Amino acid sequence: MISLAEHERLAASVCFSRELDDQVVAALADGDVLADERWRVYREMIRSRFRKVVQAALPRTTSVLGDRFEARFAAWLDEAPPDTRFFREVPVGFAHHVEAWLASPEAADLPTFTADLARYEIARWGVLAAPDDEPAQELSFERPPKLTRSLALLDVTHAVHAKKKGPPKAGVAHLAIYRAPKDDAFEAVTLELNELARDLLRAWSDPSETPLVARVQAVTQARGTAIDERFLEGLGALLEDLLRRGVVLGSR
Amino acid sequence: MSPTGVGLGLRAAMAREFLAQLPDEVAFVEVHPENYVGRGGLYRRNLDRARDRYPVLTHGLTLGFGSTEPFDRAFLADVRAFLDSVNAPWHSDHLCFGGAGDAFVHDLLPIPFTEESVKTAARRITEMRDALDRPVAFENLSYYVPLAKDPLDEARFCVEVAERADCAIMLDVNNVFVNSRNFGFDPRRWIDLVPAHRVVQMHVAGHLVRPDGLRIDTHGEPVPDGVYELLDYTLRKLGPRPVLLERDNDIPSLDELLAEVRRLSAVYAAATSADVSRPEPGSASAFAHVEAAK
């Protein structure tokens with residue numbers, strides 16, 4: 001009789017391996033024909049659940065993968081099976097796997113926007129489940145800013161966020177994705193930022209204790225942007241909008 | 001405080017309608033900590049609303065007692081904080097394993113009914129009880145792989161784990177029923193082997209019958225008559241315990257769910273009002289925690 005640890009290792013192998021190894025199933029089933037058959041049932045059930053949640057999180061990406069999805073799905077489970085206990089995070093692993101694979105020659109014929117699409121879809125999936133925010137203090141330039149924990153900043157080279165039908169057009173875009181209440185639920189909202197706003201939000205997202213004013217100065221210095229009346233007007237409008245949206249919550 | 005009566009699993013697909021109505025038929029709700037730890041948004045808001053109205057019981061999905069992997073201590077600490085936040089009187093998880101190494105199968109895989117499995121489960125239950133600082137119960141599994149010549153060995157295995165760990169049992173009546181049909185035994189004989197004083201809660205659900213006859217515990221069908229009958233038998237035998245209706249897939253309208261809750265409540269009322277002498281839950285030393293929590 002095999003040890004409990006070996007039982008578990010073999011069962012995981014039955015569930016995750018790309019090609020089912022009859023010898024592994026036989027070892028697990030200890031020669032019992034019915035057990036052999038039933039371990040295969042587990043394999044199908046488990047893979048079916050993973051497939052469903054991946055397709056729910058990444059509907060457009062899996063659609064672009066088309067008939068190559070199944071091979072990618074099988075490769076992912078074989079090479080990097082889910083290492084999270086949170087079922088909601090399972091698709092993140094698949095998205096990372098696809099993103100890495102898209103850089104390989106094997107994926108050269110897939111549309112160039114596919115990696116952006118996977119990153120965009122998984123970011124939207126993630127913000128919906130992000131932890132809630134703690135209360136913030138009133139915004140002060142002398143204190144570090146506090147941003148919503150649901151914020152995801154993403155640079156893309158195709159307009160995967162555009163609501164137009166058809167393939168996303170090429171073009172760099174800087175996106176801020178966050179969770180907002182809608183009716184009796186929540187939705188993931190995408191903002192398109194200019195470069196300056198992207199740099200500011202990135203600087204404000206840093207968990208350090210640097211006050212807001214120093215962060216603004218660092219960004220303007222790095223970009224060679226003058227802090228003049230026009231800039232201050234724009235900064236005020238940006239902060240007002242982000243405070244209204246709950247992206248900037250106040251100060252820490 | 002331990003609830004009585006029939007409760008409902010709080011699931012995202014039915015939460016909106018459920019929380020708008022807050023139906024009186026439902027005595028408590030049950031939630032999976034894995035769906036809430038580290039998560040905000042809709043799940044958290046739904047839980048907060050439910051908690052204002054109903055007692056909350058907790059049931060885990062990924063800390064299987066049959067696993068040979070060490071517990072993730074950080075996650076256990078998160079679970080404890082979560083249980084404290086909802087005043088969970090106990091916590092249950094499954095007598096199974098859910099992966100190997102770092103990999104999670106996100107399903108409940110069966111362990112062999114061996115001495116090694118008993119020792120492993122008893123050790124983990126004790127460890128979890130210490131970490132969570134409250135009673136811990138294990139749920140008997142529905143499983144599809146034959147693991148013993150005598151299918152009642154599963155019941156004996158469960159009893160041995162409960163005795164060795166001095167812990168509670170979260171008795172899944174549907175699982176006993178499913179196993180009885182898949183492996184050909186009388187489910188009432190299984191129930192007869194369970195020490196009444198160890199059972200703190202019960203689960204019922206529906207299951208799928210495949211064309212080849214194999215029954216799969218999907219929680220995606222209405223509760224079948226056979227499960228109602230076995231619940232009636234179990235409640236008469238063991239006495240009143242909170243009964244949870246689990247529905248996780250193909251969730252129907254709230255009206256349909258509540259109709260099932262009402263039918264279960266009728267079974268509950270009839271079975272627990274019977275003039276039968278039964279052992280009280282918590283009468284064994286193992287349940288000092290339960291008594292203190294009441």
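Residue numbers start from 1 in every chain, and the chains themselves are labelled A, B, ... in the order their sequence lines are given, proteins ahead of strands. Predicted model, so just to flag it, every value in this text is computed and none were measured.
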Discussion item. Using ring centroids (six-membered ring only for Trp), state whether B:Tyr54 and B:Phe18 fall under 6.0 Å.
Written reply: yes
Worksheet item: Under a 4.5 Å heavy-atom cutoff, which of B:Val37, B:Asp72, B:Thr68, B:Asp102 has the most pairs with chain A?
Response: B:Thr68
Worksheet item: Between A:Phe86 and chain B, which part of the residue has a heavy atom less than 4.5 Å away: side chain, backbone, both or neither?
Response: both
Discussion item. Go through it in stages, so that I can follow the logic: the residues are A:Arg198 and A:Asp155, the test is salt bridge (charged side-chain N to carboxylate O under 4.0 Å, His left out), and I'd like the CA-CA distance, side-chain angles, deciding distance and then a yes or no.
Written reply: CA-CA 9 Å; A:Arg198 184 274 313 266; A:Asp155 291 330; 2.8 Å; yes
Worksheet entry | Top contributor to chain A interface from B:Leu214, B:Thr120, B:Ile216, B:Thr114 [non-hydrogen pairs under 4.5 Å] | B:Leu214
Item to complete: Please state whether the side chain, the backbone, both or neither of B:Asn46 comes within less than 4.5 Å of a heavy atom of chain A.
Response: neither
Worksheet item: What option among A:Cys15, A:Ser150, A:Ala130 has the most heavy-atom pairs under 4.5 Å with chain B?
Response: A:Ala130
Item to complete: Determine whether the side chains of B:His207 and B:Thr218 contain a donor N or O and an acceptor N or O closer than 3.5 Å.
Response: no
Worksheet item: Could A:Arg179 and A:Phe186 be counted as a cation-pi pair, given that NZ or CZ must be under 6.0 Å from the ring centre and within 45° of the axis?
Response: yes
Worksheet item: Do you know which of A:Asp32, A:Val90, A:Leu128, A:Thr84 has the most heavy-atom pairs under 4.5 Å to chain B?
Response: A:Thr84
Fill in: Heavy-atom proximity to chain A below 4.5 Å, by part of B:Tyr43
neither
Practice prompt. Determine yes or no for a side-chain-to-main-chain donor-acceptor pair under 3.5 angstrom, with A:Trp39 supplying the side chain and A:Arg43 the backbone.
Written response: no
Practice prompt. Answer yes if the side chains of A:His97 and A:Arg72 hold a donor-acceptor pair under 3.5 Å, and no otherwise.
Written response: yes
Discussion item. Can you list everything that forms a side-chain contact (heavy atoms from CB on, under 4.5 Å) with A:Arg49? Sequence neighbours excluded, please.
Written reply: A:Phe87, B:His106
Worksheet item: With A:Ala173, which residues qualify under side-chain contact (heavy atoms from CB on, under 4.5 Å), at least two apart?
Response: A:Val156, A:His161, A:Leu175, A:Glu192
Fill in: Portion of B:Arg39 that has a non-hydrogen atom of chain A nearer than 4.5 angstrom
both
Worksheet item: More than 12 foreign heavy atoms under 6.0 Å from CD of A:Glu240: is that the case here?
Response: no
Fill in: Leading residue by heavy atom contact count with chain A [cutoff under 4.5 Å; candidates B:Pro146, B:Ala100, B:Ala20]
B:Pro146
Item to complete: Among the options A:Pro181, A:Ala185, A:Ala29, A:Ala11, pick out the one with the most heavy-atom pairs lying under 4.5 Å from chain B.
Response: A:Ala185
Worksheet item: Any idea which of A:Arg9, A:Arg149, A:Arg88 has the most non-hydrogen atom pairs under 4.5 angstrom with chain B?
Response: A:Arg88
Worksheet entry | Leading residue by heavy atom contact count with chain A [cutoff under 4.5 Å; candidates B:Arg45, B:His32, B:Arg16] | B:Arg45
Worksheet item: What residue, out of A:Leu28, A:Leu10, A:Asp30, A:Val41, has the most heavy-atom pairs lying under 4.5 Å from chain B?
Response: A:Val41
Worksheet item: Between A:Leu4, A:Asp83, A:Asp133, which has the largest tally of heavy atom pairs under 4.5 Å with chain B?
Response: A:Leu4
Response to the item:
Whatever's closer than 4.5 Å to a heavy atom in chain B on A:Ser13 counts as neither
Worksheet entry | Check against side-chain hydrogen bond (donor to acceptor under 3.5 Å, both in side chains), A:Arg124 and A:Thr190 | CA-CA 8 Å; A:Arg124 287 178 64 88; A:Thr190 302; 2.8 Å; yes
Worksheet item: Which residue, A:Trp125, A:Phe50, A:Phe69, A:Trp101, forms the ring pair (Phe, Tyr, Trp, His ring centres under 6.0 Å) with A:Phe94?
Response: A:Phe69
Worksheet item: Is it the backbone or the side chain of A:Arg85 that comes under 4.5 Å from a heavy atom of chain B, or both, or neither?
Response: both
Worksheet, complete the sentence: Scored by heavy-atom pairs under 4.5 Å with chain A, the best of B:Val105, B:Asp107, B:Leu61 is B:Val105
Worksheet item: Heavy-atom distance under 4.5 Å to chain A: side chain of B:Tyr143, backbone, both or neither?
Response: both
